[in-house]
Structure formats: C-alpha cells, structure tokens
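The structure appears below as structure tokens.
Please read all numbers here as calculations on a predicted model, not as lab measurements. The first residue of the sequence shown is numbered 1, and numbering continues consecutively from there.
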Amino acid sequence: NWSAPLVVEHEGVPQVIVSATNKVRSYNLRDGKLIWECAGLGLNTIPAPVHANGIVYVQSGHRNPNLMAIKLGRTGDLTGTDAVLWSTTRGTSYTASPVLYEGKLYLLTDSGMLSCLDAATGKPFYERVRLPKPYNFKASPVGIDGKLYLSSEEGDVIVVKMGPDFEVLATNTLADQSFISTPAVSGGDLYLRSQTHLFCVREPKR
C-alpha cells in the first residue's frame, strides 16, 4: 500500500489501522496481534484512514474503488457483517486523503470532483461536483477554520466553504507552480510546497 497508518485508541486498546490492497487490518499497537480485518478495498490504496466517534473510514479509488465506514469494537473478520455501517463506490479518491469534520466527510478525486457525505449514513449532501475549471489533484485537501483548501497541479489553490452546500469562496493562483504535496498548517500559517518552491501564507500583522 501507499496509505499512511492510523493509530487510534478504542476501549483502552491502542490499535494501528492499515489500509492495503483488497483489505484493511487493525493491529494491537502493544503486541502487533491482529484485532480485526475487513475485505472490500481495491488496488493501490493511497488515501489515509480517518476516524471519529468510534468509526474508521477507509477508501481506495483505483481499480475496484470503495469507501467503507467500519465501526470499531469487534474482532476477527468483519467482511460482510453489520460492523460495516455503509459503503459507496462513488466519488472515492485515488490519491487524496479525505477530510472528516463535524460529521461530514469530504472526498476529492484526482480529476477535481468534490463530494461531501454524511459521515454517519454515507448520504451525500453533494456528490462529484466539479470545480470552476478542470483540475488535477495529488495533494490532499486541508480543512482550516470552516474552509477546505485544495492545491492543484495547475497552480491554483481553491478555497471551498465547508458545510452541506457547495460554495467556492476563492481561487488563488501561484503562477508557474504545480502542487503535489499536501499543504501544512502551523500557528495560523499555511505552507504550500510546489515542485520548485516553498510558500508561507499568513495574515499581515497590523
């Protein structure tokens, strides 16, 4: 796989959740023993798992794409059980990891289609909505202060309002740049690394 592992603690047990080709597994962080596994992912899993309220969300977007919401607390093989609360094959990301915030899951495809799903049910608030112009994405979206920042390979950073309704707030162009790395945030500063430059964006001091 290419997906970063996710470490969560559930019922006092720290576990490492790893998405990989065909299957996601959870290991006990203390001794490495398998806690649970669940089949259903496709090939080339790149998006990192995310977690909230005892539910972990895993996805693949290449061949046999899938997104699954898996409730923690079970052991063994969870394939085909009600531990999988919901799943969808629509609008899953191949490269970008999702953003999970205030009960909403945001997915961005490599071809620039954005979805916002209810994290509890999988029901879309909006689904596979295209941005104002064609884009390609490798960087994951970042959620900051109620806004999603989407840094494109074409050098635009698109700002979308987080919430049930799709709304583009701004498009910021950095000429002759191409973004593949995910933005980083620290102390109110936004760091953008293109293939040639590192940018720091902040509010001017008054």
Side-chain angles (χ1 to χ4, degrees), residues 1-4 19 21 41-50 57-69 86-119 121-185 190-201:
N1 75 348
W2 287 264
S3 171
S19 295
T21 295
L41 295 181
L43 300 178
N44 294 1
T45 51
I46 300 174
V50 293
Y57 302 85
V58 296
Q59 68 174 315
S60 60
H62 186 39
R63 295 179 184 175
N64 302 317
N66 200 13
L67 164 64
M68 298 187 293
W86 58 265
S87 66
T88 183
T89 60
R90 298 168 63 88
T92 63
S93 304
Y94 176 33
T95 305
S97 297
V99 169
L100 177 58
Y101 181 70
E102 291 188 342
K104 297 177 181 63
L105 190 66
Y106 299 88
L107 312 174
L108 178 67
T109 70
D110 287 43
S111 58
M113 294 188 292
L114 187 66
S115 300
C116 175
L117 309 182
D118 185 319
T121 65
K123 181 180 178 180
F125 292 103
Y126 58 83
E127 188 175 51
R128 297 190 293 184
V129 175
R130 287 206 172 271
L131 296 171
K133 66 180 187 181
Y135 289 110
N136 294 285
F137 290 92
K138 292 292 185 291
S140 300
V142 172
I144 311 165
D145 192 27
K147 305 176 186 68
L148 281 177
Y149 289 78
L150 316 176
S151 48
S152 71
E153 293 186 62
E154 288 71 26
D156 284 357
V157 179
I158 305 96
V159 185
V160 177
K161 183 179 180 180
M162 299 176 79
D165 300 314
F166 177 78
E167 180 182 353
V168 175
L169 299 177
T171 299
N172 304 289
T173 301
L174 290 88
D176 303 318
Q177 302 300 316
S178 179
F179 295 101
I180 294 176
S181 299
T182 298
V185 184
L190 176 66
Y191 295 90
L192 300 166
R193 182 168 68 89
S194 76
Q195 297 197 66
T196 58
H197 291 73
L198 176 64
F199 300 88
C200 176
V201 183

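Put simply, the residue from Val58, Val99, Leu105 that forms a side-chain contact (heavy atoms from CB on, under 4.5 Å) with Val50 is Leu105.
To the nearest 0.5 angstrom, Glu167 atom CD is 12.0 Å from Leu148 atom CG. Note that the CG atom of Leu150 and the OG1 atom of Thr182 stand 11.0 Å from one another [nearest 0.5 Å]. Residue Leu114 holds its CG atom at 12.0 Å from CZ of Arg130, rounded to the nearest 0.5 Å. To the nearest 0.5 angstrom, Tyr191 atom OH is 14.0 Å from Phe199 atom CZ. With rounding to the nearest 0.5 Å, the separation of CD in Gln177 from CD in Gln195 is 9.5 Å. In this structure, CD1 in Ile158 is found 4.5 Å from OG in Ser152, a value given to the nearest 0.5 Å.
The two residues Thr88 and Asn66 have their closest heavy-atom pair at O-OD1, 3.1 Å. Of all non-hydrogen atoms in Thr92 and Ser60, the two that sit nearest each other are OG1-O, 3.2 Å. The minimum heavy-atom distance linking Tyr106 with Cys116 is given by the pair CE2-SG, 3.5 Å. Taking each heavy atom of Pro98 and Gln59 in turn, the nearest pair found is CD-NE2, 3.4 Å. The two atoms that bring Pro65 and Thr89 nearest to each other are O-CG2, 3.3 Å, heavy atoms only. Here the closest non-hydrogen pair linking Asp165 and Tyr126 is C-CE2, 3.8 Å.
Using a distance-only test at 3.5 Å, with no hydrogens or angles considered, no donor-acceptor pair links the side chain of Thr173 to the main chain of Ala175. A donor-acceptor pair is defined here as one N or O able to donate and one able to accept, closer than 3.5 Å; such a pair exists between the side chain of Thr109 and the backbone of Met113. The closest donor-acceptor contact from the side chain of Ser140 to the backbone of Ala96 lies at 3.5 Å or more, if one exists at all. Panel note: side chain Ser115, backbone Glu127; no donor-acceptor pair is recorded below 3.5 Å. Remark: the backbone N or O of Ala48 is paired with a side-chain donor or acceptor of Ser97 at under 3.5 angstrom.
Between Leu67 and Leu107 there is a side-chain heavy-atom pair separated by less than 4.5 Å. Leu192 places a side-chain heavy atom less than 4.5 Å from the side chain of Val201. You'll find the side chain of Lys161 stays beyond 4.5 Å of the side chain of Lys147, heavy atoms only. Looking at heavy atoms from C-beta onward, Ser3 lies out of side-chain contact with Ile46 at the 4.5 angstrom threshold.
In this structure, Tyr57 and Trp86 have tilted ring planes: the angle between them lies in the 30° to 60° band.
Asp110 and Thr95 share a donor-acceptor pair across their side chains, judged by distance under 3.5 Å alone. Side-chain contact annotation: Tyr135 with Asp156, donor-acceptor N/O pair under 3.5 Å present. A donor-acceptor pair shorter than 3.5 Å cannot be found between the side chains of Glu154 and Ser178.
Cation-pi geometry between Lys138 and Phe179 is not met: the NZ or CZ atom fails to fall both under 6.0 Å from the ring centre and inside 45° of the normal.
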